[in-house]
Amino acid sequence: MLAAILESGDPERLYTGLSLLVSAASAGEEARGLATFGALGALLDPELEARARAATHVVDAERDAFARTLIELRAAAEELPNCRIWACAAAVQTTGATLTDRLEGVLSTPSFLREVAGAQLVVV
């Protein structure tokens with residue numbers, strides 16, 4: 001199992017985290033994610049594609065492709081049955097985020113760590 005704590009709302013870092021999860025799930029591996037403070041807002045943002053076009057490290061010629069791929073990664077993470085992403089309970093409480101069906105629900109960090117015990121864990 002691959003587990004990722006998604007912390008950053010930065011489009012490039014979110015792309016990396018989602019790419020790890022989707023790649024693992026596409027290869028048949030279980031993939032689990034916990035969206036914390038920065039990433040939670042970005043994952044729920046209906047304007048994520050527009051925000052991604054302003055990514056700092058992406059050259060102008062690649063902005064549209066990068067933004068489109070980020071949206072596709074987010075959609076794939078939602079659709080793959082062996083890829084599950086929860087919202088961090090503390091992040092939901094402190095940011096006042098309104099959850100959608102985009103995420104599995106709310107989970108505390110200790111509960112997430114118990115859920116993914118033994119997994120390869122990355123923080124992005």
Let me check something: do [X] and [Y] share a hydrophobic cluster, defined by ILVMFWY side-chain heavy atoms less than 4.5 Å apart, either directly or through other members?
{"X": "Ile5", "Y": "Leu103", "value": "no"}
{"X": "Leu48", "Y": "Val22", "value": "yes"}
{"X": "Leu34", "Y": "Leu99", "value": "no"}
{"X": "Leu18", "Y": "Trp86", "value": "no"}

Considering non-hydrogen atoms only, spot the tightest contact between [X] and [Y] and give its length.
{"X": "Arg51", "Y": "Gly9", "answer": "NH2-O, 3.2 Å"}
{"X": "Ala55", "Y": "Phe66", "answer": "CB-CE2, 3.7 Å"}
{"X": "Ala42", "Y": "Leu14", "answer": "CB-CD2, 3.7 Å"}

Does any N or O in the side chain of [X] come within less than 3.5 Å of the main-chain N or O of [Y], such that one atom is a donor and the other an acceptor?
{"X": "Glu29", "Y": "Leu2", "answer": "yes"}
{"X": "Arg74", "Y": "Tyr15", "answer": "no"}
{"X": "Arg102", "Y": "Glu78", "answer": "no"}

Candidate list Leu20, Thr36, Thr16, Leu43, test side-chain contact (heavy atoms from CB on, under 4.5 Å), partner Leu6, passing option: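 Only match with Leu6 under side-chain contact (heavy atoms from CB on, under 4.5 Å): Leu43.
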Calculate, to the nearest 0.5 Å, the distance between atoms [atom1] and [atom2] belonging to [X] and [Y] respectively.
{"X": "Glu104", "Y": "Phe112", "atom1": "CD", "atom2": "CZ", "result": "11.5 Å"}
{"X": "Glu30", "Y": "Cys83", "atom1": "CD", "atom2": "SG", "result": "9.5 Å"}
{"X": "Glu49", "Y": "Glu72", "atom1": "CD", "atom2": "CD", "result": "9.0 Å"}

Acceptor/donor pairs from residues 113-124 side chains to any protein atom, 3.5 angstrom cut, sequence neighbours excluded:
{"unit_1": "Arg114", "atom_1": "NH2", "unit_2": "Ser111", "atom_2": "OG", "d": "3.2"}

Those residues that, when tested against Thr95, pass side-chain contact (heavy atoms from CB on, under 4.5 Å) (two or more places apart):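 Only Phe37, Leu40, Ala97 meet the side-chain contact (heavy atoms from CB on, under 4.5 Å) criterion with Thr95.
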Audit row: Leu80, Leu21, side-chain contact (heavy atoms from CB on, under 4.5 Å) steps and yes/no: CA-CA 10 Å; Leu80 288 165; Leu21 291 171; over 6 Å; no
